[in-house]
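These notes are about the structure you will find just below.
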Protein chains: 2
Amino acid sequence: MGMAHVKVADELCTVSLPAALLGERWTLLLLRQAFLGTRRFEDFQTAMDISRSVLTERLGTLVEEGILRREAYKEVRTRYEYRLTEKGLDLYPVLMALRKWGDKWMSPDEGPSFDLHHRSCGGDVGVHVACEECGAELTARDVRVTPLRDPR
Amino acid sequence: MGMAHVKVADELCTVSLPAALLGERWTLLLLRQAFLGTRRFEDFQTAMDISRSVLTERLGTLVEEGILRREAYKEVRTRYEYRLTEKGLDLYPVLMALRKWGDKWMSPDEGPSFDLHHRSCGGDVGVHVACEECGAELTARDVRVTPLRDPR
DNA sequence: AGCTAGGGTTCGGAATCCGAACTCAAGGGG
DNA sequence: CCCCTTGAGTTCGGATTCCGAACCCTAGCT
């Protein structure tokens with residue numbers, strides 16, 4: 001149990017730790033599904049067509065990591081829900097960035113299967129990497145990387 | 001060969017396709033390494049401590065997917081480089097979003113191992129999900145999801 | 001009493017992953 | 001000329017992980 005290939009990330013970098021977690025089969029899909037509103041074991045299982053044992057395991061690590069929270073609803077006949085915690089909701093930019101990229105580079109011919117719009121004004125949803133200081137949009141080339149420690 | 005668990009993604013959604021690709025062991029790590037400037041087989045191998053056979057395979061699918069391009073440099077004694085294509089460079093927001101999240105939620109005690117700054121003005125790098133229309137910063141709750149087709 | 005629903009667990013076989021050793025081609029040094 | 005090293009992979013047997021299908025348990029329903 002626990003995050004599967006932590007070893008992968010023992011070079012303490014703030015990309016590699018999440019990457020070890022999210023770069024596990026099913027995890028990203030599971031999160032997407034959670035953001036779409038899925039909450040119950042059975043619903044995840046049928047929506048993603050994942051094997052039940054692996055689903056149990058993935059939900060488990062996500063709960064351990066504090067990204068999902070498992071809570072009972074319906075006290076009378078206990079049933080459980082897996083809901084995104086604040087930590088989990090904070091992954092929204094990751095999923096949106098992924099979607100933007102998918103729209104541009106891997107879009108099936110029929111186009112995306114969902115439209116996303118700002119609830120209050122109807123505008124498109126954008127994801128931007130920008131300088132907090134001057135506001136310029138940044139690409140990898142515009143960014144200087146300064147190692148702070150030996151990165152492994 | 002080919003993208004490993006495409007089956008996972010056959011519900012044509014622009015998150016699930018990239019998620020199937022990037023949610024494969026090592027792939028995110030490999031991309032992070034590529035953005036840090038690693039280009040050669042040996043360097044990836046020692047930097048990530050990945051098994052050579054799996055590295056061969058991952059580099060292969062990434063090339064197939066057009067995210068990396070394999071090209072010879074040094075014609076005299078042929079050696080190869082794997083470099084990010086435009087499609088690959090476009091994944092920058094995904095990695096940055098991941099890093100932001102890692103900084104906030106999984107940062108090791110010593111803090112991140114790199115600093116990133118806007119090359120020209122020194123400002124911090126930000127990642128934002130915002131409405132293209134009104135500019136408001138958006139969370140999952142502010143976004144309406146409209147299914148366009150049956151999503152599976 | 002028997003049936004169904006929700007949420008898992010168990011299990012054997014299939015697919016992946018891992019580390020270590022091996023390959024092959026081309027310089028370089030002596 | 002012969003041996004050593006480098007870069008970039010392959011190959012292979014054993015260890016992990018994944019998968020599908022079947023099974024389990026509890027409560028309510030009829």
Side-chain angles (χ1 to χ4, degrees), chain A residues 1-11 16 19-30 33-34 37-64 68-83, chain B residues 1-11 16 19-30 33-34 37-64 68-83:
Chain A
M1 288 286 160
M3 199 188 318
H5 44 300
V6 184
K7 201 191 68 192
V8 165
D10 57 6
E11 44 173 307
S16 49
L21 176 63
L22 302 185
E24 213 168 9
R25 260 233 266 236
W26 297 109
T27 304
L28 280 168
L29 267 306
L30 209 159
Q33 207 58 46
T38 302
R39 291 179 180 173
R40 294 184 321 189
F41 188 93
E42 296 294 318
D43 295 342
F44 280 110
Q45 207 272 313
T46 61
M48 313 195 308
D49 195 35
I50 182 181
S51 88
R52 306 172 75 75
S53 44
V54 175
L55 178 56
T56 302
E57 199 180 291
R58 286 296 174 277
L59 287 170
T61 58
L62 254 14
V63 168
E64 272 177 45
L68 296 177
R69 142 176 49 101
R70 177 179 190 265
E71 65 183 33
Y73 65 104
K74 283 216 325 180
E75 312 177 358
V76 49
R77 160 113 199 245
T78 322
R79 277 304 95 114
Y80 299 100
E81 279 190 330
Y82 293 90
R83 319 193 48 164
Chain B
M1 288 287 159
M3 198 186 321
H5 44 298
V6 183
K7 200 191 68 193
V8 165
D10 56 4
E11 45 173 309
S16 48
L21 176 62
L22 302 185
E24 213 169 9
R25 251 214 292 224
W26 297 108
T27 304
L28 281 169
L29 266 307
L30 210 160
Q33 207 58 45
T38 303
R39 291 178 183 177
R40 295 184 319 189
F41 189 93
E42 296 294 318
D43 295 342
F44 280 109
Q45 207 270 314
T46 62
M48 314 196 305
D49 197 35
I50 183 181
S51 87
R52 306 173 73 75
S53 43
V54 175
L55 178 56
T56 302
E57 198 178 292
R58 287 297 174 277
L59 288 170
T61 57
L62 253 16
V63 168
E64 271 177 46
L68 296 177
R69 141 176 53 99
R70 179 180 188 265
E71 63 183 35
Y73 67 105
K74 280 216 327 178
E75 311 177 0
V76 49
R77 160 115 199 244
T78 322
R79 274 309 92 115
Y80 300 98
E81 277 190 332
Y82 294 88
R83 319 195 48 164

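Naming convention: chains lettered A, B, ... in sequence-line order (proteins, then strands); numbering from 1 in each chain.
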Is the backbone of A/R25 close enough, under 3.5 Å, to the side chain of A/R58 for a donor and an acceptor to pair up by distance?
yes
If we ignore hydrogens and angles and just use 3.5 Å, is the side chain of A/T56 paired with the main-chain N or O of A/R52 as donor and acceptor? yes
Candidate nucleotides [options], ranked by approach to the side chain of [X] - the nearest:
X	options	result
A/S53	C/dG7, C/dA21, C/dC11	C/dC11
B/Y82	D/dG9, C/dT9, C/dG7	D/dG9
A/R58	C/dG7, D/dT10, D/dC18	D/dC18
A/R40	D/dT17, C/dG7, D/dC19	C/dG7
B/R70	D/dT6, C/dC18, D/dG9	D/dG9

In whole angstrom, give the distance that lies between atom [atom1] of [X] and atom [atom2] of [N].
X	N	atom1	atom2	result
A/L59	C/dG8	CG	C1'	11 Å
B/E24	C/dT16	CD	C1'	10 Å
B/L30	C/dC17	CG	P	13 Å
A/E71	C/dG6	CD	P	18 Å
B/L55	C/dA20	CG	P	16 Å
A/E57	D/dT17	CD	C1'	8 Å
B/I50	C/dC18	CD1	C1'	10 Å
A/F41	C/dG7	CZ	P	8 Å

The answer to which of B/V54 and A/Y80 contacts DNA chain C further toward the 5' end, by nearest nucleotide, is A/Y80
Between B/E71 and B/R79, does any NZ, NE, NH1 or NH2 come within less than 4.0 Å of an OD or OE carboxylate oxygen? no
Do the side chains of A/E81 and A/R83 get close enough for a salt bridge, i.e. N-O under 4.0 angstrom? yes
Could you tell me whether the phosphate oxygens of D/dT17, OP1 or OP2, come under 4.0 Å of any side-chain nitrogen or oxygen in A/W26? no
Interatomic distance, CG@B/L59 vs CD1@B/I50, rounded to 0.5 Å, equals 7.5 Å
Q) Per the atom types in the model, does the base of C/dG7 pair as donor or acceptor with the side chain of A/R52 at under 3.5 Å? A) yes
